[in-house]
Protein chains: 2
Amino acid sequence: MSFPSHYAIPPTATGKRRDGDRTRAKALQVAAAQISAIGFNKMTIARVAADAGVSQSGLLHHFPSKAALLAAVLDEREREDSEFLFGDGSPPLGWDAFESLVALSARNQTRPEWVELFVRTSAEATVPGHPAHDWVTRHYQSLRKLAHRRCRARNGTGRDPAGRAGAVHGRVDRRLLDGMQQQWGLEPREISMVDNVREHVRLLRMTWS
Amino acid sequence: MSFPSHYAIPPTATGKRRDGDRTRAKALQVAAAQISAIGFNKMTIARVAADAGVSQSGLLHHFPSKAALLAAVLDEREREDSEFLFGDGSPPLGWDAFESLVALSARNQTRPEWVELFVRTSAEATVPGHPAHDWVTRHYQSLRKLAHRRCRARNGTGRDPAGRAGAVHGRVDRRLLDGMQQQWGLEPREISMVDNVREHVRLLRMTWS
DNA sequence: GTCTATACCTCGATAGAC
DNA sequence: GTCTATCGAGGTATAGAC
């Protein structure tokens, strides 16, 4: 005995992924690798399709345009980062926040591809009209807000980071990270991002405490 | 009475520039502006030619290829920078060298176009095969050598910058500059590069002296 | 959901006249 | 030195069959 076809359990309800989902996931992975390696501008959907084992039209069925593919990649990575930073509670404050920079660097050092992707996209998206322009602008804005909240908060382990030059340092920290990540891509083997950030935080501690 | 034509004074000897030189200079200027605004990859020689008031073929007469145009722009700027850094004597050492970072930032703050051009080109040229890949690699190598020489030198105004973490700081400084310049392009009005570098140097001084 | 075929565009570079 | 005309490669996106 069989069910009428319109009663058939759809593939989505079986817990097993549909073919389309697998193609989509593979395409996202390949696109991220390409953007990471050569940037969005130089990436071609033809190459992404080929590496994903699908035709160009097959790829464009899941992502209606090249820009849509980029947006999907960025949104996926942003969700992962948010879970890491805030997933286990409220954002860290005071000196703990500065230490979280070290943790973030350590995490990023295990994800060189994502670092490269972000650096390249940030650089490209500076020009208005770039598909990722709005995304990058929003990303930096939220980081800046977070830094401001951190610097205004106090804790018991040292003087207030917001004291003399806290406002400046919220920005300096991020710029240090950005510059380091950018150069990390050019000479990956010579640099330990974690060591450099740790040294920077140590300097700040010595100055204020 | 007139001279035979082969005795005529050639235009180059009159002290007045030839037409070709003017076209070439204009093209270099326009190309720099384009690379600064949208990067080398997105720049088109058609647009450069149009803005320079010449046809595409006219432009390609002076620069045989798009890559050659980029090389000419980079070489011109590098010559200017070398004159600023070393033109009036030997490179600064010890703490003076760190202070020279402030001077360099101040100079760059008056040349946003060149900063943008360099940031964009550095980012693009990370991918092997890019026309500026070798140029950027060489540029960073010479900067690194300079930083090492600085950090090894001593002077009387403070403890040796090379002491505990000098090797790290030679690199941190440049990364701070890079990251700052990159972000300066995204939000130019919110940041004073000079203030940030000055604050960074002040921190270093407080730590060591 | 995936394919083939193709329309349509932009761009770098060349050929050759003036 | 500068022009017009054009080639040819490489790219995004669409049409329509299966």
Side-chain angles (χ1 to χ4, degrees), chain A residues 5 8-14 16-31 34-35 37-73 124 127 129-132, chain B residues 5 8 10-14 16-31 34-35 37-73 121 124-125 127 129-133:
Chain A
S5 65
I9 300 170
T12 37
T14 63
K16 191 168 168 255
R17 277 188 164 169
R18 290 169 303 177
D19 278 11
D21 283 350
R22 251 188 279 120
T23 298
R24 193 191 143 91
K26 180 69 176 171
L28 281 175
Q29 171 199 330
V30 170
Q34 285 290 298
I35 299 172
I38 61 178
F40 172 77
N41 285 337
K42 288 297 237 183
M43 175 187 88
T44 67
I45 54 179
R47 176 68 188 277
V48 172
D51 288 5
V54 75
S55 76
Q56 189 166 333
S57 298
L59 173 64
L60 287 174
H61 169 75
H62 296 279
F63 309 95
S65 71
K66 192 189 174 190
L69 178 54
L70 172 64
V73 169
E124 286 181 358
V127 18
H130 189 284
Chain B
S5 65
T12 37
T14 63
K16 192 169 168 249
R17 276 189 163 169
R18 289 170 303 176
D19 278 11
D21 283 351
R22 253 189 277 119
T23 298
R24 194 190 143 91
K26 180 69 177 171
L28 282 175
Q29 171 198 330
V30 170
Q34 284 289 298
I35 299 172
I38 61 178
F40 172 76
N41 285 338
K42 289 295 242 183
M43 175 187 89
T44 67
I45 53 178
R47 176 69 189 276
V48 173
D51 287 5
V54 75
S55 76
Q56 188 166 332
S57 297
L59 173 64
L60 287 175
H61 169 75
H62 296 278
F63 308 95
S65 71
K66 191 190 176 191
L69 178 55
L70 171 64
V73 169
T121 305
E124 285 181 359
V127 19
H130 189 283
H133 184 76

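A, B, ... follow the sequence lines: proteins, then strands. Residue 1 opens every chain.
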Between the protein and nucleotides 4-11 of chain D, are there any N/O to N/O pairs under 3.5 Å, and if so, what are the atom names and distances?
from   : atom 1 : to       : atom 2 : distance (Å)
dT4(D) : O4     : Ser57(B) : OG     : 2.5

TODO: Would you confirm whether Glu124(B), through its side chain, and Phe40(B), through its main-chain N or O, come within 3.5 Å as a donor-acceptor pair?
DONE: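 At least one qualifying donor-acceptor pair exists.
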[X] [atom1] - [N] [atom2] separation (whole Å):
X: Asn41(B); N: dG12(C); atom1: CG; atom2: P; answer: 10 Å
X: Gln34(B); N: dG12(C); atom1: CD; atom2: P; answer: 11 Å
X: His62(B); N: dA13(C); atom1: NE2; atom2: C1'; answer: 16 Å
X: Arg47(A); N: dT12(D); atom1: CZ; atom2: P; answer: 13 Å
X: Arg24(B); N: dT2(D); atom1: CZ; atom2: P; answer: 12 Å
X: Leu69(B); N: dA13(C); atom1: CG; atom2: P; answer: 10 Å
X: Phe40(B); N: dC11(C); atom1: CZ; atom2: C1'; answer: 12 Å

Open item on the list: Nearest to the side chain of Leu60(B), heavy atoms from C-beta on, is which of dT2(C), dA13(C), dC3(D)?
Closed with: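 Of the candidates, dA13(C) comes closest.
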TODO: Consider the side chain of His61(B), meaning its heavy atoms from C-beta on, and name the nucleotide among dG1(D), dC3(C), dG1(C) that approaches it most closely.
DONE: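 Per side-chain heavy atoms of His61(B), the pick is dG1(D).
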Task: Pair Val54(A)-Lys26(A), side-chain contact (heavy atoms from CB on, under 4.5 Å): steps then yes or no - done: CA-CA 10 Å; Val54(A) 75; Lys26(A) 180 69 176 171; over 6 Å; no
TODO: Calculate, to the nearest 0.5 Å, the distance between atoms CD1 and CE belonging to Ile38(A) and Met43(A) respectively.
DONE: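 Spacing of CD1 (Ile38(A)) from CE (Met43(A)) equals 8.0 Å.
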Open item on the list: Run the side chain to side chain contact (heavy atoms under 4.5 Å, CB included) test against Ala46(A) and tell me which residues pass, sequence neighbours left out.
Closed with: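 Side chain to side chain contact (heavy atoms under 4.5 Å, CB included) check on Ala46(A) returns Thr44(A), Gln56(A).
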Task: side chain to side chain contact (heavy atoms under 4.5 Å, CB included) involving Ala67(A) - partner list, sequence neighbours excluded - done: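 Listed in chain order: Ser65(A), Pro131(A).
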Open item on the list: If you apply the rule side-chain contact (heavy atoms from CB on, under 4.5 Å), what do you find for Lys42(A) with Val127(B), and how did you get there?
Closed with: CA-CA 10 Å; Lys42(A) 288 297 237 183; Val127(B) 19; over 6 Å; no
